[in-house]
Every structure is written in structure tokens, then in C-alpha cells.
Amino acid sequence: MSIAFPGLELVAQEGVLRARCEPLEQRPSLDEQGLRTLIGQTGFGHWYLLPEAVAAFPTRFNGATEPFEATLAESRDGQALVELDSDGMQAWVTLVPACGGAPVTLEAVLQALSDQGVVHGLQHDALRQACEAGVGGRVLAACGTAPVDGVDARFEVLVEVVRDRVPVMNDGGLVDFRELGPIPLVEVGQPLMRRVPAVPAVDGRDVCLALKAARPGRDLPFAESLQGVQLSPDDPNLLCAAVKGQPVRVERGMVVEQVVRLPAVNLASGNVDFDGSVEVNGDVTQGMTVKASGDIVVRGTVEGSTLEAGGHVQVLGGVIAQARIRAGGTIGARFVEGASLYAGTSIAVDDMALQSDLQALNQIEVGVKAPQRGRLMGGSARAMLLIKVPYLGADTGGATVVQVGVNPELEARFKALQVQADRQNADEEKLRKLLQHQSKQGASELLERIRATWQVALRTLAATLEEKGELEKQLDLLEGARVEVTQGVVGAVDLMFGRKNWPVRRPCGAGVFSVVEDRLMFSSAMGG
């Protein structure tokens, strides 16, 4: 195509725009802007201009002494460039507008997506609008279907007053101690707990239709061999009392423990060994033993005797004279002197603990109802996370030993889970490689069996890692173990964090002892 510029001819052929130069002795000078204007005037302004060629042509043209040709522009069709997110859950298309060629059509976009395996969750309306606009840009082309994890079965307690054998910790990992009070009772046939079935999981698919497995909800049944309860004849998800007694929540269920009430435990009553809960209105005297699978409540004093409970123990009087108490849950007493107490969760002493051995997996608090004069003096106290007391130590006598920050049971379980996870991870890796190898052989019944086994292995590994993660959180709490003194430290005290001992031999005011970077720290309540 000729244009009104001496010595220059623009010719379009087979999608390429070429400039032909015939040097003339008398010719005007040409600059880049002028060249672009000439190209636009000939109707090729919408073609793709080659930047370097257009920039270099005026200089060459102005100084040419021989005829020459140069390519300045090309006719380019529109393009659809496909990209997938790393997880395959979204696909994007970048539309490149046509430059003199065919525009991008919806059919071309869909074909480009299909060539990349994108066939699920296509956003047809958005793609159609983008193609019709013809201006290009990045468009969300497809969205996968996210997996929806299942919800585990839930167990809802239907009675207001109930003993709880499932410890509930706060954000700091501590169990709030509650006084047991009177033993609650339920009547035969009274509804106790409702089981809400699990919500099934819904697997997802990425944009290439690959499976995105959801975590299944565990449809846990009521625990087996629950004592004193029965399923409602009208509703298999409703648990009712089969006997009159104390309702106790346990893992995945309730039990009703029968209750025996005694005026006292002494030579007249004999020792007590009861499958249920025991309530003693008076004292448990020297040399006597009370064993119960449930709770023990003593309204008097425990003197030189032994109490063993699967649940909680509450002594409204004192525990004295070499008495021994062991409880699966909490232990509460008004005061303790010369006794040994072991609790599965926490120990709470209203007043003082003198020359005694106290041990709890969670926490020990002395002076609950005597914050100005409560004292832990002599003997030893061991807890996983917290020991709290108004006054710690004694002016005379031996050292008071206090230990926090150690739980051998948790550490052993964590190591076992680590070994289990390593083994399951190795099994999953072998199955994954076998699946990849078998996939190359084509679809088969064996391939589907391998895939199903692999998915089970993945879920088993995920469950182990989840439990391991929860244990890690609990072990991390040990690093925050502390000894809290609300009034002061007197006399000799041996502070142990984990297995390291820091003797304290000087008085201290109120504050908190902790370990930071393997150093004993004391944060004074007065800011010193």
C-alpha cells in the first residue's frame, strides 16, 4: 500500500507489514512519531508494532543511500494464557487482545483450559464477558470444589449437676478446681446424655478433577460397658439412668454410680471398698481404708487412714497423721499435715500444707481460702504447670522442695507418637510411589485398590500428626511452668524446674519464679 511520503512504501503481506525504502535526493526527514502516524493512516495501527524495528527505522531511512526493506509490524491473533494455583484449586486465564488478527473467543479459551486439564468449576459467564470486552486482562477461569471436613459425633450432657471425669483445661493448660459439694443424684429413667451423630465429610475436586480428600467426621458411638445407664427404647442416641445414683460424665458417655452414705469409717463400720461413690458424714479414723471407683466425700477429718478414689476426693476437715489419699481427679481439703496426697489433675488446700508430700499432674494451690496466711511448709510439692501459695517455706527445719515442669507420661507418649508417625510416613511414601508407577500402566482394579489404601494411609497419618500436635502444645506449656508466691518466701526452699534444682536461701517477697533460657527468674509483684 502506497502512502503520501516520498521514498517510502508500506506493504502488508501474509500477516507482516513491511516498509520499502527508495532513496531520493530530495526527501523529508522521518522520525518515530511520524512513522507511527503513517502506519496508523494506512489502517495498520491496530497491528502489533515491533518496538525495536520501529525505533530504528527512521534513522536508517534518513541516511539510506540504497534501497532496503524492513519489517515493522505483525498481525497477531488474541491469546489465552492459562495458569494454575499451586494447589490446583483455581485456574486463571490471561487474555491477550488481538493485534490485527483473530480475537480470542470463548471456544478458544475453553480449549486452552482443556489442554491444561482444567475441566471442573469453569466460570463460563466471566469468561464470556471477558472475551466480548476484548480488552484483555487476567480472569478467574475455574474454581475447584473445596473439601468439607466432617464433624465428629457430639455428646450433649442433659443434666445440670454432674461430676466430670474428663478434665477441662483453660488456655493456660490449667484445670480450674471446683469444690465437689454434695453428691448429686438422678432417678431411674432420667435422660442423661444425647449423642448427636457425625456430619459426613464431602470430598472436593480441584479444577483438574483430582480428588481433594476431606477429613471424615468420626461417628463415635457411646462408650462400651457404661455402668448404671441404658439406651432409651425410643431413641438409640439417648442415654438414660438405669439406677438411682450419682451421674458422672466420662469419655463418650455417662455412668451412674451408686452412692453409699456412712456416718463414719472406723472399727465399727470396717474398711470400705465400693464400686461407686462414698459419702462419709464424719471422720475416717486411724488405720482405716476407703476405696471407691467414683468420688469420696468426707465431711470430717481423715486421720492416719487411706483413701483411694477413681474420681475426686473432697475432705471438709483436715488430712493428718500420715494419712494417704490418691485420686484420679482432684483432691480438696481444709488443711494437710504430715500426709501424702496424689491427684490426677489438681490439689487445692484451703489453709495450710505442713510437712506433707503433695503431687498433682496439673497444679497445686495452697491457701485457697486463706490468701493472707496460707502456707506450704516443709515436705514436697510436685505439679506439672503451677504451684501457687501465699507463703512458701519455713523459718526452721529442712528445705521445702517444690518441683514443676515435668510430666513423664506426656513425654513418653510423645516419643511413641513420633515413632508411629515416622513409620506411617514411610508406609505412605511407599504407597504413593507404587500408585505413581501403577498409574503409568493405565486404569485397573489394582490401581483403584492401591489408591484407596493410599488414601486410608494419608488419613491415618493425619490423625497421628494431629494427636502429636496436641501433645506438642501440652509439652510447650511445660516451658511456662511457674511457682507463684502471693506473700513471700521464708527459710530454705529447693526450687526444681524439670530436673534442675535452684536452691533459694534468702527471703523473697511476692512474685513468680520461672525459667527463661535455662536461668531461674523471679518477677517481683512489686516490679523489682
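All values reported here derive from a predicted model rather than from experimental measurement.
- With no hydrogens or angles considered, a side-chain donor-acceptor pair links D357 and S380 at under 3.5 Å.
- Among all heavy-atom pairs drawn from A241 and V256, the shortest one is CB-CG2, 4.0 Å.
- Judged by a 6.0 Å distance limit and a 45° cone about the ring axis, R252 is not positioned over the six-membered ring of F222.
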- Task: Step by step, work out the side-chain hydrogen bond (donor to acceptor under 3.5 Å, both in side chains) result for S277 and D295.
- Result: CA-CA 5 Å; S277 294; D295 298 334; 4.6 Å; no

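- G282 and V298 get closest at one heavy-atom pair: O-CG1, 3.4 Å.
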- Item | Verdict with reasoning, D422 to Q418, per side-chain hydrogen bond (donor to acceptor under 3.5 Å, both in side chains) | CA-CA 6 Å; D422 291 344; Q418 181 65 62; 3.1 Å; yes

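- Screening K212, H120, R205 for a side-chain hydrogen bond (donor to acceptor under 3.5 Å, both in side chains) involving T145 leaves a single residue, H120.
- Between L226 and V250, some side-chain heavy-atom pair lies under the 4.5 Å cut-off.
- Checked by atom type and distance alone, the side chain of N271 pairs as donor or acceptor with a backbone atom of T289 at under 3.5 Å.
- The shortest non-hydrogen separation linking A292 to G276 is CB-O, 3.4 Å.
- Considering only heavy atoms from C-beta on, V485 comes within 4.5 Å of F513 through its side chain.
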- Step by step, would you call D275 with S293 a side-chain hydrogen bond (donor to acceptor under 3.5 Å, both in side chains)? CA-CA 5 Å; D275 187 10; S293 61; 2.8 Å; yes

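- Donor-acceptor pairing under 3.5 Å is lacking for the side chains of S514 and R482.
- Taking all atoms of both residues into account, the shortest heavy-atom contact from A91 to L140 is O-CD1, 3.6 Å.
- Atom CE of M193 is separated from atom CZ of R154 by 11.5 Å, given to the nearest 0.5 angstrom.
- Put simply, the side chain of V404 does not reach to within 4.5 Å of the side chain of M496, judged on heavy atoms.
- From Q420, atom CD reaches atom OG1 of T460 across 9.5 Å, with rounding to the nearest 0.5 Å.
- When side chains are defined from C-beta on, E365 does not count as touching S346, because their heavy atoms never get closer than 4.5 Å.
- Remark: the backbone N or O of T301 is paired with a side-chain donor or acceptor of D283 at under 3.5 angstrom.
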